[in-house]
Engineer: 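Pasting in a structure now, in structure tokens, and then I'll have a few things to ask.
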Amino acid sequence: IDNVTPRLSNPFPEEGMWFNSTNVKCSININDTEQSDDLSVVKCSYSIDGNQTWSNWVNVDSIVDGVAEKTLTLAQGKVNLVKWNAWDRLGNGPIEFGPTPVWIDSEGVEFSDFEPLGKIEDLMPTCTINVSDSLSGVGDQVWVRQSTNGGNTWDDWTQPEKTPNDDGFG
């Protein structure tokens with residue numbers, strides 16, 4: 001006799017992870033102690049507008065070694081949520097898990113306000129540029145290199161002195 005509802009755990013992605021594509025492979029671990037991984041139904045639903053509306057429940061793409069996977073096309077930003085449900089083949093369930101957030105930023109950083117502009121005579125100029133990203137922000141991995149011969153050769157990459165502002169570094 002099996003009257004145990006399957007368990008869902010360890011969703012991927014985890015909260016706080018950013019992806020640079022709107023197509024994201026999401027997954028969740030499934031365990032049914034009475035039947036191994038022989039589940040009759042595993043589905044997911046997603047919201048791309050911050051929990052205002054949800055898709056219909058859709059079948060997962062695969063279940064392999066207790067992990068259900070579904071590739072979803074989601075929206076830019078922190079507005080995506082994914083939830084899961086499952087039943088075993090005897091009808092125990094549904095069990096629901098989530099929602100868990102999926103954050104997307106497929107656009108690169110923006111550069112603006114480079115100074116100085118044009119030809120300069122100073123041999124040691126101070127150069128500035130604003131680097132920003134309105135979705136995921138700019139991390140601490142901002143690097144710069146210079147050329148002193150019109151771009152024929154370049155110095156090694158180095159981290160510049162930087163000052164954080166609201167959405168990036170300036």
Side-chain angles (χ1 to χ4, degrees), residues 1-113 129-144 157 159 162-170:
I1 295 177
D2 175 7
N3 59 1
V4 177
T5 302
R7 289 180 295 146
L8 300 173
S9 62
N10 301 322
F12 180 85
E14 298 171 4
E15 185 168 355
M17 294 180 71
W18 283 95
F19 290 84
N20 64 2
S21 170
T22 55
N23 295 317
V24 178
K25 185 183 287 188
C26 300
S27 65
I28 194 156
N29 291 356
I30 306 159
N31 182 274
D32 187 351
T33 56
E34 298 296 320
Q35 297 182 26
S36 180
D37 299 323
D38 190 14
L39 301 169
S40 62
V41 179
V42 179
K43 295 187 176 194
C44 71
S45 178
Y46 58 94
S47 172
I48 60 171
D49 58 13
N51 203 24
Q52 294 180 30
T53 59
W54 286 86
S55 72
N56 292 329
W57 289 98
V58 294
N59 291 324
V60 297
D61 297 331
S62 65
I63 303 173
V64 177
D65 295 329
V67 178
E69 294 183 338
K70 178 67 178 176
T71 299
L72 299 172
T73 300
L74 302 171
Q76 291 275 29
K78 291 185 175 183
V79 296
N80 303 293
L81 298 166
V82 177
K83 58 186 177 181
W84 305 85
N85 71 20
W87 295 262
D88 67 17
R89 61 188 162 103
L90 294 178
N92 296 312
I95 183 71
E96 189 170 306
F97 190 99
T100 55
V102 182
W103 298 349
I104 310 274
D105 182 356
S106 64
E107 298 174 5
V109 297
E110 294 181 19
F111 298 96
S112 63
D113 304 324
I129 191 167
N130 287 329
V131 182
S132 62
D133 188 312
S134 61
L135 287 174
S136 61
V138 178
D140 61 0
Q141 296 296 312
V142 176
W143 294 81
V144 65
W157 288 101
Q159 284 197 291
K162 53 190 178 252
T163 306
N165 58 35
D166 289 341
D167 63 354
F169 288 96

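Heads up: numbering here begins at 1 and tracks the sequence. Excluded from the calculations below are hydrogen atoms, water molecules and symmetry mates; all remaining heavy atoms, backbone and side chain alike, are included.
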Engineer: Of the non-hydrogen atoms in L8 and A86, which two are nearest, and what is the gap between them?
Structural biologist: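 Closest approach of L8 to A86: CD2-CB, 4.1 Å.
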Engineer: Check for a donor-acceptor pair, side chain of S45 on one end and backbone N or O of S55 on the other, with a separation under 3.5 Å.
Structural biologist: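 Here the side-chain-to-backbone pair exists.
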Engineer: With a 3.5 Å distance limit and no angle check, can you tell me whether D133 reaches the backbone of E110 through a side-chain donor-acceptor pair?
Structural biologist: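 It does not hold such a pair.
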Engineer: Could you state the interatomic distance from NZ (K78) to CD (E15), rounded to the nearest 0.5 Å?
Structural biologist: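 So the NZ of K78 and the CD of E15 are separated by 9.0 Å.
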Engineer: Provide the closest heavy-atom pair for P101 versus L81 in the form atom of the first, atom of the second, distance.
Structural biologist: CA-CD2, 3.8 Å
Engineer: Just wondering, do L72 and V82 contact through their side chains at under 4.5 Å, heavy atoms?
Structural biologist: yes
Engineer: Atom OG1 in T22, atom CG in N80: separation rounded to 0.5 Å?
Structural biologist: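 That separation rounds to 9.5 Å.
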Engineer: State, yes or no, whether a side-chain contact exists between S136 and W103 at a heavy-atom distance under 4.5 Å.
Structural biologist: no
Engineer: Do Q76 and I104 touch side chain to side chain, with heavy atoms closer than 4.5 Å?
Structural biologist: yes
Engineer: Under a 3.5 Å distance rule, please check whether E69 uses its side chain to pair with a backbone N or O of I63 as donor and acceptor.
Structural biologist: no
Engineer: Assess whether atom CD of E96 is packed by more than 12 heavy atoms of other residues, nucleotides or ligands within 6.0 Å.
Structural biologist: yes
Engineer: Whether the T53 and D49 side chains hold a donor-acceptor pair (N or O, under 3.5 Å, no angle test) is what I'd like checked.
Structural biologist: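 The answer is yes; a qualifying pair exists.
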Engineer: Using every non-hydrogen atom in the two residues, find where S47 and Q52 come nearest and quote the distance to one decimal.
Structural biologist: OG-N, 4.0 Å
Engineer: Do D113 and I129 come within less than 4.5 Å of each other through their side chains, counting heavy atoms only?
Structural biologist: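 Not in contact.
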Engineer: Less than 4.5 Å apart, any side-chain heavy atom of N20 and any of W18?
Structural biologist: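 N20 does not reach W18 side chain to side chain.
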Engineer: Is the shortest side-chain heavy-atom distance between V58 and K70 below 4.5 Å?
Structural biologist: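 A side-chain contact under 4.5 Å exists here.
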Engineer: Quick one: pull up OG1 in T100 and CE in M17 and give me the separation to the nearest 0.5 Å.
Structural biologist: 11.5 Å
Engineer: Between S62 and V64 (side chain of the first, backbone of the second, donor and acceptor by atom type, cut-off under 3.5 Å), is there such a pair?
Structural biologist: no
Engineer: Between F19 and F12, how do the two ring planes meet: parallel, tilted or perpendicular, split at 30° and 60°?
Structural biologist: perpendicular
Engineer: Write down the atom of L135, the atom of G77, and the distance for their closest heavy-atom approach.
Structural biologist: CD2-CA, 3.8 Å
Engineer: Between the main-chain N or O of R7 and the side-chain N or O of N31, is there a donor-acceptor pair closer than 3.5 Å?
Structural biologist: no
Engineer: Where do S9 and I28 come nearest, in terms of heavy atoms and distance?
Structural biologist: O-CG1, 3.2 Å
Engineer: Please tell me if the side chains of V60 and W84 come closer than 4.5 Å, counting only heavy atoms from C-beta onward.
Structural biologist: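 A side-chain contact under 4.5 Å exists here.
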Engineer: Using side chain to side chain contact (heavy atoms under 4.5 Å, CB included), reason through Y46 and L74 one step at a time and then give a plain yes or no.
Structural biologist: CA-CA 8 Å; Y46 58 94; L74 302 171; 3.9 Å; yes
Engineer: W87 versus N85: any side-chain heavy-atom pair under 4.5 Å?
Structural biologist: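 Answer yes - side chains close enough.
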Engineer: Would T71 and D61 count as a side chain to side chain contact (heavy atoms under 4.5 Å, CB included) here? Give the steps.
Structural biologist: CA-CA 7 Å; T71 299; D61 297 331; 3.8 Å; yes
Engineer: The test is side chain to side chain contact (heavy atoms under 4.5 Å, CB included); show your working for S106 and S21 and say whether it passes.
Structural biologist: CA-CA 5 Å; S106 64; S21 170; 5.6 Å; no
Engineer: Indicate the atoms forming the closest heavy-atom contact of W54 with P99, along with that distance.
Structural biologist: CH2-CB, 3.6 Å
